[in-house]
Visitor: 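This is the structure I want to talk about, given as structure tokens.
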Amino acid sequence: MTQTYRVGDELPPLDIPLTRTLIVAGAIASRDYQDVHHDAELAKAKGSPDIFMNILTTNGLVGRYVTDHFGPTAVLRRVAIRLGAPNYPGDVMRLTGRITELSGPAGEEPVRVTVAVTGDNGIGRHVTGTVTLVLPDTVALPDTVALPAQSGERAGA
């Protein structure tokens with residue numbers, strides 16, 4: 001079975017629970033030791049109601065969202081994001097995406113896909129951005145790209 005993509009296709013949404021652990025672990029993993037990402041009292045002293053997620057964690061979650069959709073052979077080439085409303089613990093961020101561009105006929109170069117991504121939480125739009133990735137071993141058709149089914153997928157699933 002082959003999966004075919006077209007400009008305008010929507011990716012299924014992904015809901016990410018914003019736990020205190022996720023926010024702190026993301027800051028530590030990205031070596032962002034700013035107190036507003038791990039110390040609630042110091043964040044409050046600086047005018048925030050609580051700790052909040054750093055941009056590097058958001059960037060990683062956006063990249064994961066897109067590559068999880070296109071499979072293990074997808075290679076990120078560019079992730080460009082802009083932050084808006086903060087991600088605070090106890091909320092949920094919903095990532096959504098839409099394919100905005102397909103290029104690169106098969107046989108000449110890997111197919112490039114550009115996806116517009118947004119992420120909303122309970123207080124507004126947290127992230128807006130675009131992700132560009134390449135899909136090796138794909139088939140390009142006019143205005144579409146077809147990917148072979150990933151191993152373990154069932155026909156019609």
Side-chain angles (χ1 to χ4, degrees), residues 3-104 110-136 138 143-147 149-150 152-153 157:
Q3 175 68 50
T4 302
Y5 293 99
R6 291 179 171 75
V7 170
D9 284 353
E10 302 280 334
L11 279 61
L14 174 65
D15 289 339
I16 300 173
L18 301 172
T19 65
R20 191 169 297 279
T21 301
L22 173 65
I23 293 169
V24 173
I28 291 169
S30 60
R31 296 182 179 189
D32 183 346
Y33 304 117
Q34 294 292 318
D35 51 24
V36 294
H37 302 308
H38 65 85
D39 188 318
E41 293 308 311
L42 289 174
K44 289 175 186 173
K46 292 182 176 180
S48 178
D50 204 340
I51 63 171
F52 54 91
M53 185 175 282
N54 73 350
I55 192 169
L56 295 171
T57 303
T58 300
N59 198 63
L61 291 170
V62 166
R64 171 195 145 200
Y65 169 61
V66 174
T67 57
D68 280 0
H69 178 74
F70 288 100
T73 62
V75 179
L76 290 175
R77 290 293 186 219
R78 183 172 185 268
V79 178
I81 63 171
R82 180 178 295 242
L83 294 184
N87 269 341
Y88 293 118
D91 205 344
V92 173
M93 177 175 61
R94 172 169 274 204
L95 291 171
T96 58
R98 183 177 53 81
I99 297 173
T100 59
E101 185 177 347
L102 297 168
S103 61
V111 172
R112 284 188 179 273
V113 179
T114 301
V115 179
V117 177
T118 59
D120 296 325
N121 59 35
I123 58 175
R125 171 102 354 124
H126 171 67
V127 63
T128 304
T130 58
V131 177
T132 302
L133 58 149
V134 294
L135 306 173
T138 59
D143 299 321
T144 67
V145 63
L147 287 100
Q150 296 176 18
E153 285 188 5

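Bear in mind that the values here come from a model prediction, so they are computed numbers and not experimental data.
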Visitor: Atom CD1 of Ile23 and atom CE of Met53: how far apart are they, to the nearest 0.5 Å?
Guide: 5.0 Å

Visitor: From Thr132 OG1 over to Arg112 CZ, what is the distance, rounded to the nearest 0.5 angstrom?
Guide: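 Going from OG1 on Thr132 over to CZ on Arg112, the span is 7.0 Å.
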
Visitor: Report the residues that fulfil side-chain hydrogen bond (donor to acceptor under 3.5 Å, both in side chains) with Thr57, sequence neighbours left out, ordered by chain and then residue number.
Guide: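 Once residues adjacent in sequence are excluded, the partners of Thr57 under the side-chain hydrogen bond (donor to acceptor under 3.5 Å, both in side chains) criterion are Asn54.
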
Visitor: I would like to know whether Leu18 and Tyr88 meet side-chain contact (heavy atoms from CB on, under 4.5 Å); could you show each step before the answer?
Guide: CA-CA 7 Å; Leu18 301 172; Tyr88 293 118; over 6 Å; no

Visitor: If I take atom CG from residue Leu14 and atom CZ from residue Arg64, how far apart are they, to the nearest 0.5 angstrom?
Guide: 5.0 Å

Visitor: Check residues 75-87 and write down every donor-acceptor pair under 3.5 Å in which the side-chain atom is one partner and the other belongs to a residue at least two apart or another chain.
Guide:
unit_1	atom_1	unit_2	atom_2	d
Asn87	OD1	Asn121	ND2	2.8
Asn87	ND2	His126	NE2	3.1

Visitor: Calculate, to the nearest 0.5 Å, the distance between atoms NE2 and CG belonging to His69 and Leu95 respectively.
Guide: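 Reported value, rounded in 0.5 Å steps: 13.5 Å.
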
Visitor: State, to 0.1 Å, how close Leu61 and Met93 come at their nearest heavy-atom pair, and which atoms those are.
Guide: CD1-CE, 4.0 Å

Visitor: Taking all atoms of both residues into account, what is the closest heavy-atom pair of Thr96 and Pro13, and its distance?
Guide: CG2-CB, 4.0 Å

Visitor: Do you know the tightest heavy-atom contact between Pro12 and Tyr65?
Guide: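 Closest approach of Pro12 to Tyr65: O-OH, 2.9 Å.
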
Visitor: Distance alone, cut at 3.5 Å: any donor-acceptor contact between the side chains of Thr114 and Thr100?
Guide: no

Visitor: Which residues pass the salt bridge (Lys or Arg N to Asp or Glu O under 4.0 Å) test with Asp91, sequence neighbours left out?
Guide: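 For Asp91, no residue satisfies salt bridge (Lys or Arg N to Asp or Glu O under 4.0 Å) once neighbours in sequence are set aside.
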
Visitor: Restricting to non-hydrogen atoms, name the atom on Gly26 and the atom on Ser30 that form the minimum distance, rounded to 0.1 Å.
Guide: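 Heavy-atom minimum between the residues: O-OG, 2.8 Å.
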
Visitor: Only counting residues at least two apart or in another chain, list the ones meeting side-chain contact (heavy atoms from CB on, under 4.5 Å) with Glu41.
Guide: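 Only Asp39, Lys44 meet the side-chain contact (heavy atoms from CB on, under 4.5 Å) criterion with Glu41.
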
Visitor: Do the ring planes of Phe70 and Tyr5 sit parallel (below 30°), tilted (30 to 60°) or perpendicular (above 60°)?
Guide: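 Tilted.
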
Visitor: Which residue is it: Ile51, Val24, Asp32, Leu56? I am looking for the one with a side chain to side chain contact (heavy atoms under 4.5 Å, CB included) to His37.
Guide: Asp32

Visitor: Who pairs with Asp120 by side-chain hydrogen bond (donor to acceptor under 3.5 Å, both in side chains), at least two apart in sequence or on another chain?
Guide: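 Asp120 satisfies side-chain hydrogen bond (donor to acceptor under 3.5 Å, both in side chains) with Arg125 once adjacent residues are dropped.
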
Visitor: Report the residues that fulfil side-chain hydrogen bond (donor to acceptor under 3.5 Å, both in side chains) with Asp50, sequence neighbours left out, ordered by chain and then residue number.
Guide: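 Per chain and number, Asp50 pairs via side-chain hydrogen bond (donor to acceptor under 3.5 Å, both in side chains) with Arg20.
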
